[in-house]
Amino acid sequence: MYKEYKTIKEVVGPLMLVEGVEGVKYDELVEILQEDGSIRRGKVLEVRDDKAVVQLFENTQGLKISSSRARFLGHSQTLDVSEDMLGRVFDGMGKPRDGGAAIIPEMRLSINGSPINPASRDYPNEFIQTGISAIDGLNTLVRGQKLPVFSMSGLPHAELAAQIARQAKVLNSDSKFAVVFAAIGITYEEADYFISDFRKTGAIERTVLFTNLANDPAIERIATPKVALTCAEYLAFEKGMHVLVILTDITNYAEALREVSAARKEVPGRRGYPGYLYTDLACMYERAGRIKGKEGSITQIPILTMPEDDKTHPIPDLTGYITEGQIILSRELHKRGVTPPIDVLPSLSRLKDKGIGKNKTREDHADTMNQLFAAYAKGKECKELSAILGDAALTATDKLYAKFAEEFERRYVSQGFTTNRTIEETLDLGWDLLRILPRSELKRIKEAYISKYLDGNKE
């Protein structure tokens, strides 16, 4: 039987104080029953002696504390899950937002999830093809990996997220592939863009979409990624699917954490964010991975906009510690019309070596990747030298490197948001660009691969 209390003492902003409580637990769900029969919902943020602080999911406007009752439900927030969620659009708490019927649950799971035992984790080693050359060819995504995208305000990370969701697939696998897309604190226009894009391209059929809008409560924003990951864990570990989870924008999530922390009058940490920001992000990111003996997997692409374009800001800084690399978008490339504006040199996928090579992508992948990185870095140096000292300061080979850098950005990186390249097309394009350079400069590629792929002596 639920416990009800008429001892609501005060309401300050989204917080409510209930006195005289017994047996109430942290994170427990609460219903506030009003005189007119309406119900508002919240959860317990803090318990001390016989007092409980409750954070409401809805606003507190018009709430009469004298006649309201607080009902404690005895459990934390749960999500009803079923395979029928595929192709549906939900709000940040998992309620249908597409006008369809409520989900008839196969299971009811706590959104806080269960930590994966490190001993039972399987190592990520299977290539995921996103169709984007700058990722597939140079910063490869591997099944079970956490690979964030570091963006900047005004850059087209939404288009990149939609493109990855549309195009991503595991090669040479019969297992079903699903996308769980969580949009956190976005505008109505952005939400409409994602929904209409997925519907138009048919990607909605394999996608579960959770949308938390900018005008939704902060407490819902904190729940949204947890709800999405709970759905992903069900599809991956109960239904054996390869699940790609895209979370955008993590910065909005961290801002909501800071807002709730300030309301609770907690001692702030760096830049006003709570001291437990690292722990909180780690609990979320570490829900990705593979488990021994289970067919399914969760691969995560968190997307965050770096405040003030600052890589040392707490959100990207802590994210970089927890995840296995990062894809960095560049404002300079965006101004030059490169789409997607992925800056490949500071970008990194720490697991790329595990997902490439013979029987995964192609035997020449590692060598060409290293050569393209080196040639692009040298080409950028030559272009900078030319800008300072003029073309006369460059040798004939330097001029070829400068030309390579320009062609690399124009043809390899800038492929638009609708082009879907296979890994073979990406690798062949890399070889095509390397033909700009003298053969003697290809020092990072085995001679056997040069004669096979550059000279065309394929057997």
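Heavy atoms only: backbone and side chains are in, while hydrogens, waters and symmetry mates are out.
Here the side chains of Arg287 and Lys146 are not in contact, with every heavy-atom distance at 4.5 Å or above. Counting heavy atoms from C-beta on, the side chains of Tyr285 and Glu324 never come closer than 4.5 Å.
Between the CD atom in Gln55 and the NZ atom in Lys43 there is a gap of 8.0 Å [rounded to 0.5 Å]. A distance of 5.5 Å separates CD of Glu233 from OG1 of Thr230, quoted to the nearest 0.5 Å. In this structure, CZ in Phe210 is found 12.5 Å from CZ in Phe181, a value given to the nearest 0.5 Å. Rounded to the nearest 0.5 angstrom, Arg421 CZ and Ile135 CD1 are separated by 12.0 Å.
Residues meeting the ring pair (Phe, Tyr, Trp, His ring centres under 6.0 Å) test with Phe57, sequence neighbours left out: none.
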- Task: Check the pair Asn112 / Asp27 against side chain to side chain donor-acceptor pair (under 3.5 Å), numbers first and verdict last.
- Result: CA-CA 10 Å; Asn112 297 313; Asp27 218 30; 3.0 Å; yes

- Decide yes or no on ring pair (Phe, Tyr, Trp, His ring centres under 6.0 Å) for His313 and Phe150, but give the supporting numbers first. CA-CA 11 Å; His313 186 280; Phe150 289 4; over 10 Å; no

- Message: Run Lys335 and Glu332 through salt bridge (charged side-chain N to carboxylate O under 4.0 Å, His left out) and show every step you take.
- Response: CA-CA 5 Å; Lys335 284 177 185 169; Glu332 185 198 342; over 6 Å; no

- Should Asp136 and Ser133 be marked as a side chain to side chain donor-acceptor pair (under 3.5 Å) after you check the CA-CA gap, both sets of side-chain angles, and the distance that decides it? CA-CA 5 Å; Asp136 293 349; Ser133 294; over 6 Å; no

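A donor and an acceptor atom, one from each side chain of Asn212 and Arg221, are located under 3.5 Å apart. No side-chain donor-acceptor contact under 3.5 Å links Thr299 and Arg143. Between the side chains of Tyr376 and Gln371, not a single donor N or O lies within less than 3.5 Å of an accepting N or O. Using modelled atom types, one finds a donor on one side chain and an acceptor on the other under 3.5 Å when comparing Asp391 with Ser386. Side-chain contact of Gln145 with Ser349: a donor-acceptor pair under 3.5 Å is present, judged by distance alone. For Glu407 and Tyr412, the side-chain atoms include no donor-acceptor pair closer than 3.5 Å.
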Could you pull out all donor-acceptor pairs under 3.5 Å where a side-chain atom in residues 378-385 meets a protein atom, sequence neighbours excluded?
none

Under 3.5 Å, which donor-acceptor pairs do the side chains of residues 151-169 form with other protein atoms, sequence neighbours left out?
from, atom 1, to, atom 2, distance (Å)
Ser151, OG, His157, ND1, 2.8
His157, ND1, Leu155, O, 3.1
Gln163, NE2, Gln167, OE1, 3.4
Gln163, NE2, Gly416, O, 3.3
Gln163, NE2, Thr419, O, 3.3
Arg166, NH1, Asp197, OD1, 3.3
Arg166, NH1, Asp197, OD2, 2.9
Arg166, NH2, Phe417, O, 2.5
Gln167, NE2, Thr130, O, 2.8

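Counting only distance, with no hydrogens or angles, the side chain of Arg271 and the backbone of Ile315 share no donor-acceptor pair below 3.5 Å.
Note that Arg97 lies outside the cation-pi zone of Phe90, set by a 6.0 Å cut-off to the ring centre and a 45° limit from the axis.
Atom NZ of Lys403 has 12 or fewer heavy atoms from other residues, nucleotides or ligands within 6.0 Å.
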